[in-house]
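One structure is given here, and the rest of the page talks about it.
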Protein chains: 2
Amino acid sequence: MERKITRERFIETALELFHNKGFKATTMRDIAKALQVEAATLYNYIRSKQQLLDDLVFEIADQFHDGLSNIYNSSYSPSEKLKAIVDLNVRLTTAYPYQVALLVGEWKHLEEVRQQAFLDNRGSYEQMVRDIIGQGMEVQELRTMDLEVATYSFLSSIRWLFSWYIEQGSAVNPVELEKQMSDFILKGMQNND
Amino acid sequence: MERKITRERFIETALELFHNKGFKATTMRDIAKALQVEAATLYNYIRSKQQLLDDLVFEIADQFHDGLSNIYNSSYSPSEKLKAIVDLNVRLTTAYPYQVALLVGEWKHLEEVRQQAFLDNRGSYEQMVRDIIGQGMEVQELRTMDLEVATYSFLSSIRWLFSWYIEQGSAVNPVELEKQMSDFILKGMQNND
DNA sequence: GTCTATAATTCGATAGAC
DNA sequence: GTCTATCGAATTATAGAC
């Protein structure tokens with residue numbers, strides 16, 4: 001009958017509410033009510049609601065960025081790298097679906113300076129993907145296509161994984177999911193001459 | 001030196017702010033300031049902020065739904081229908097990018113009953129797409145793949161078009177865009193035996 | 001570590017003059 | 001149709017008792 005709050009339970013509850021109602025529409029009282037405590041209690045765990053968002057967004061954003069850097073700086077071929085990127089996304093998304101949801105949908109509510117830092121991070125991520133796809137076309141591993149459309153479509157098709165995963169009640173085999181997604185996305189990009 | 005507000009200018013300004021800051025974070029005073037009037041003035045144009053969101057979301061949602069219904073009930077083949085869906089999305093998104101942004105990102109802030117109506121509408125849209133892809137596999141126009149992953153990836157890859165279009169400053173030829181996107185997305189789905 | 005109480009601010013919306 | 005003035009509710013966060 002433990003009623004005590006752990007930081008972990010607090011974060012979990014907050015993330016779920018942020019996903020369901022949005023960060024701005026979720027009040028400290030909402031989170032407190034879900035944990036059956038008073039709102040003031042929550043301030044033993046965080047400095048502010050704003051700081052909580054910042055911590056959660058950048059924690060997961062850094063994981064994506066670091067993961068992609070390792071892929072980018074590897075000796076894999078371009079199309080092998082793209083498969084590794086799909087794999088990275090599936091692994092992070094199935095491990096931290098609600099944090100990815102926050103990353104995709106609530107970064108606008110970071111304070112201004114931090115929002116710019118976020119956009120720099122995201123821009124760097126997108127540029128690495130663009131480079132890899134461009135290299136794939138150069139060595140003719142990938143079909144020749146409009147680079148911007150290809151980059152955008154690739155990123156777009158994996159970005160919404162979190163919402164599907166959450167809706168499915170997480171009843172998905174991550175390994176099979178990665179196979180299916182790589183298959184679908186990369187088949188359209190590969191050069192078959 | 002016309003300072004008068006038209007309903008059109010009001011909607012345009014509100015949509016842009018909703019996209020930049022999010023619906024919840026945009027105050028009536030924000031919109032008023034951008035139009036260089038007082039907040040009270042805005043209530044000559046709308047009944048409430050909530051009603052404004054509702055009107056704008058369902059106006060564009062209905063256009064997507066009706067457009068897809070027409071495609072669904074046509075005599076085109078499944079893969080021709082998919083191409084028509086991409087075309088529908090490109091046309092609506094390039095014509096009403098900020099309204100599409102609202103549709104994708106802010107539906108959570110509809111009031112509860114209307115939110116359910118929205119989800120019913122979206123579910124119906126997704127089911128039609130799922131049907132078309134399933135039929136494409138049956139008649140072997142499309143490769144055999146996991147139906148859920150294919151449907152999700154297809155929808156996902158066109159959903160973020162609005163953000164790209166807005167970022168590009170709308171400097172895109174819609175016809176060429178439709179061609180590039182159809183090409184990218186459908187190449188990976190077609191059966192080549 | 002959790003509570004009660006409340007300060008300080010902000011927001012949506014209305015009343016009523018012009 | 002736009003303004004000034006303001007109400008009432010809601011929100012983040014803090015102070016201080018236990």
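Only heavy atoms go into these numbers, but all of them, side chains included; no hydrogens, no water, no symmetry mates. Every chain is numbered from 1 and lettered A, B, ... according to where its sequence line falls, protein lines coming before strand lines.
Among D/dC3, C/dG12, D/dA13, the nucleotide with an atom closest to any side-chain atom of A/Tyr43 is D/dA13. Closest to the B/Ala40 side chain, of the nucleotides D/dT2, D/dA13, C/dA15, is C/dA15. Nearest nucleotide to the side chain of B/Glu38, out of D/dC3, C/dT2, D/dA13: D/dC3. Taking only side-chain atoms of A/Thr27, from C-beta outward, the nucleotide of D/dT11, C/dC3, C/dG12 with the closest atom is D/dT11.
The nearest whole Å value for the distance from the CG atom in B/Asn44 to the C1' atom in D/dT2 is 7 Å. Nucleotide C/dT4 holds its P atom 13 Å from the CG atom of A/Leu42, rounded to whole Å. One interatomic measurement links the two molecules: CZ of A/Arg7 to P of C/dG1, which rounds to 13 Å at whole-angstrom precision. Atom CD in B/Gln50 sits roughly 13 Å away from atom C1' in C/dA13 (whole-Å rounding). Across the protein-nucleic acid pair, B/Asp30 atom CG and C/dC11 atom P stand 7 Å apart, rounded to whole Å. Taking atom CG of B/Leu17 as the reference point, atom P of C/dG12 lies 12 Å away to the nearest angstrom. B/Gln51 places its CD atom 16 Å from the P atom of C/dG12, with the value rounded to the nearest Å. Following rounding to the nearest Å, A/Lys33 (NZ) and D/dA10 (P) show an atom-to-atom distance of 12 Å.
Mapping A/Lys49 and B/Arg29 onto DNA chain D via the closest heavy atom, the residue that lands nearer the 5' end is B/Arg29.
A donor atom on one side chain and an acceptor atom on the other are not found under 3.5 Å apart for A/Asp54 and A/Gln50. For the residue pair A/Ser69 and A/Asp66, no side-chain donor N or O sits within less than 3.5 Å of a side-chain acceptor on the partner.
Considering only side-chain N and O atoms, A/Tyr45 lies under 4.0 angstrom from the phosphate OP1 or OP2 of C/dT2. At D/dC3, one or more side-chain N or O atoms of B/Thr41 fall inside 4.0 Å of OP1 or OP2 (strictly under the cut-off).
Between B/Phe118 and B/Trp107, the ring-plane angle classifies as parallel under the 30° and 60° cut-offs. Aromatic ring pairs are classed by plane angle as parallel below 30°, tilted from 30° to 60° and perpendicular above 60°; the pair B/Tyr152 and A/Trp164 is parallel.
For the pair A/Lys49 and A/Phe23, the cation-pi test (distance below 6.0 Å, angle within 45°) is passed.
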